[in-house]
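This report concerns only the one structure given below.
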Number of protein chains: 2
Amino acid sequence: MAADSYHQTSKIQIAVDCIIFGFDGAALKVLLIKRGFEPEFGKWSLMGGFLMKNETAEDAANRVLHFLTGLKDVYMEQLHTFSALNRDCAARVISIAYFALIDINEYSEQMQRDHEAKWFPIDDVPGLIFDHNLMIAKARDLLRMKVASHPLGFELLPEKFTIPQLRILYESIYATTLDKRNFQKKILSLGILHRLDEKEKESSKKGAFLYVFDHVKYNRLQSGELKFI
Amino acid sequence: MAADSYHQTSKIQIAVDCIIFGFDGAALKVLLIKRGFEPEFGKWSLMGGFLMKNETAEDAANRVLHFLTGLKDVYMEQLHTFSALNRDCAARVISIAYFALIDINEYSEQMQRDHEAKWFPIDDVPGLIFDHNLMIAKARDLLRMKVASHPLGFELLPEKFTIPQLRILYESIYATTLDKRNFQKKILSLGILHRLDEKEKESSKKGAFLYVFDHVKYNRLQSGELKFI
DNA sequence: TCAAAAGTGTTTGATCTACACCCATGC
DNA sequence: GCATGGGTGTAGATCAAACACTTTTGA
């Protein structure tokens, strides 16, 4: 840092934007809102907000996420900081983008109405304001990279889930199909799932066993890196 | 974003910091400077600077890097944005950190003296100002992740390099040892190196063949992801 | 002639892929 | 009793890991 610039005010504003992913059992989705103020009133947008003087960017992202979803303690990770000169047409604003993974079932209809929010399939996102489409593309890439080796997929599912649900989630994230025998074998061989004595019977007559992610076993591994796919 | 805050001035300053990696043939190193102004005068630090109104963060990072090293067109990538409330003891400053890979031979002695800069082995970095040690740790993790599947290692070597040099580089980055037969087999099987009819004879009597990275062949692969290690 | 680093192949075990049938149940 | 999705095993191919000797040449 050059000493002479230390006390200058940058006059550049700082925002955070949240890419919120959810999974409805069939497709990976992102939560978007219809923007309620100028500029770009009425257009679809990511949820965001300005960084306040007394909060970190993580705090701000959590504040925004909580405001939109009512949820706390959500899995969230910094994605990238976007600083193109004209990315926001109204002012010079840089945006620190975060991506979050939530269980779509915990996001209420009420919240959806309150904020004019809507879930869009990741492959069918409309044209968004500013560089928000770019943010989503980047978030999807990072999500793909992370779920291949970290236990994040579970964040998008209910606490109890079935192996077929998990497989369809991975298929949605990677836009591919996976062999169900090989998938089940590999996932179970990681030794981080615990099978319950309950079955989920919504999607089939036979019913599929429910599993929970076993944090204790996962932490014992301490390699941090696994191969989910 | 909340409409009412759109026109407020954040009064938070924005800086960039550069984690500059180099490789001297034996160890992975980072370039640090002795800070020439308050606060924290005389302490070791990463090179940084404030973001100017009319430049992107990438521009600023390149400006800082060019100022310190005289180099342009350097491999550089955004690492993370650090926004802890008291990370800079003098003011509220958030820092967008970048990591850069340079060929250590292109960094002149003269530049080193001009800026009171010094290369430190990655495992022997002194206590730095603010959160700069954290930045370096995070940069090393990202470097490890990236070089496993992307052709970045070459950025740290001269244009012409030998396979043993490349292997020692990977050994330094991962703090491990690699079997030279397996390494050579794997690297050459990627099909992205071109062997020259020259040998490098500094480090052995027999001499080792020089190779260059073949961008054309690499781009033809278009998978983007390889397995270097 | 010897010291120092370069170069090279094979065997073994592990992992990945492809693939098809029976099971349990609600209708 | 039949349609629907759940659950399971094996064989072949590919990939990763371990491992030791010969070559070159400057000193």
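Naming: A, B, ... by sequence-line order, numbering from 1 per chain.
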In a table with atom names and distances, give each donor-acceptor pair under 3.5 Å that connects a side chain of residues 183-192 of chain A to protein atoms at least two apart or in another chain.
| unit_1 | atom_1 | unit_2 | atom_2 | d |
| --- | --- | --- | --- | --- |
| A/Lys185 | NZ | A/Asn182 | OD1 | 3.2 |
| A/Ser189 | OG | A/Lys185 | O | 3.4 |
| A/Ser189 | OG | A/Lys186 | O | 2.7 |

Return all side-chain donor-acceptor pairs below 3.5 angstrom for residues 154-163 of chain B, not counting sequence neighbours, or 'none' if the list is empty.
| unit_1 | atom_1 | unit_2 | atom_2 | d |
| --- | --- | --- | --- | --- |
| B/Lys160 | NZ | B/Glu198 | OE1 | 3.3 |
| B/Lys160 | NZ | B/Glu198 | OE2 | 2.8 |
| B/Thr162 | OG1 | B/Gln165 | N | 3.1 |

Between the protein and nucleotides 1-7 of chain D, which nitrogen or oxygen pairs are less than 3.5 angstrom apart?
| unit_1 | atom_1 | unit_2 | atom_2 | d |
| --- | --- | --- | --- | --- |
| D/dG6 | O3' | A/Gly207 | O | 3.4 |
| D/dG6 | N7 | A/Lys180 | NZ | 3.2 |
| D/dG6 | N3 | A/Lys206 | NZ | 3.4 |
| D/dG7 | OP1 | A/Phe209 | N | 2.9 |
| D/dG7 | N7 | A/Lys180 | NZ | 3.1 |
| D/dG7 | O6 | A/Lys180 | NZ | 2.8 |

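Between A/Lys185 and D/dG9 there is no side-chain polar atom (N or O) within less than 4.0 angstrom of OP1 or OP2.
Among residues two or more places apart in sequence or in another chain, the ring-ring contact (aromatic ring centres under 6.0 Å, His included) test is passed with B/Tyr174 by none. Remark: B/Arg220 engages no residue in a side-chain hydrogen bond (donor to acceptor under 3.5 Å, both in side chains) (not counting sequence neighbours). Listed by chain and residue number, nothing satisfies the side-chain hydrogen bond (donor to acceptor under 3.5 Å, both in side chains) test with B/Lys118 (two or more places apart in sequence, or in another chain). Listed by chain and residue number, nothing satisfies the side-chain hydrogen bond (donor to acceptor under 3.5 Å, both in side chains) test with B/Asp141 (two or more places apart in sequence, or in another chain). Take B/Glu200 and apply the side-chain hydrogen bond (donor to acceptor under 3.5 Å, both in side chains) test, not counting sequence neighbours, and it matches B/Ser203.
Toward the 5′ end of DNA chain D lies the nearest nucleotide of B/Asn182, the other residue of the pair B/Lys201 and B/Asn182 mapping further downstream.
The CG atom of B/Leu210 sits 11.5 Å away from atom NZ of B/Lys201, with the distance rounded to the nearest 0.5 Å.
The bend of the helix from C/dT1-D/dA27 to C/dC27-D/dG1, defined by the angle between the axes of its first five and last five pairs, stands at 0° to the nearest 10°.
For the salt bridge (charged side-chain N to carboxylate O under 4.0 Å, His left out) condition, the pairs that include at least one residue of residues 166-175 of chain A, sequence neighbours left out, are A/Arg167-A/Glu171. For residues 94-112 of chain A, there are no salt bridge (charged side-chain N to carboxylate O under 4.0 Å, His left out) pairs, not counting sequence neighbours.
Note that the first and last nucleotides of DNA chain C, 5' to 3', having any atom under 4.0 angstrom from a heavy atom of chain A are C/dC16 to C/dG26.
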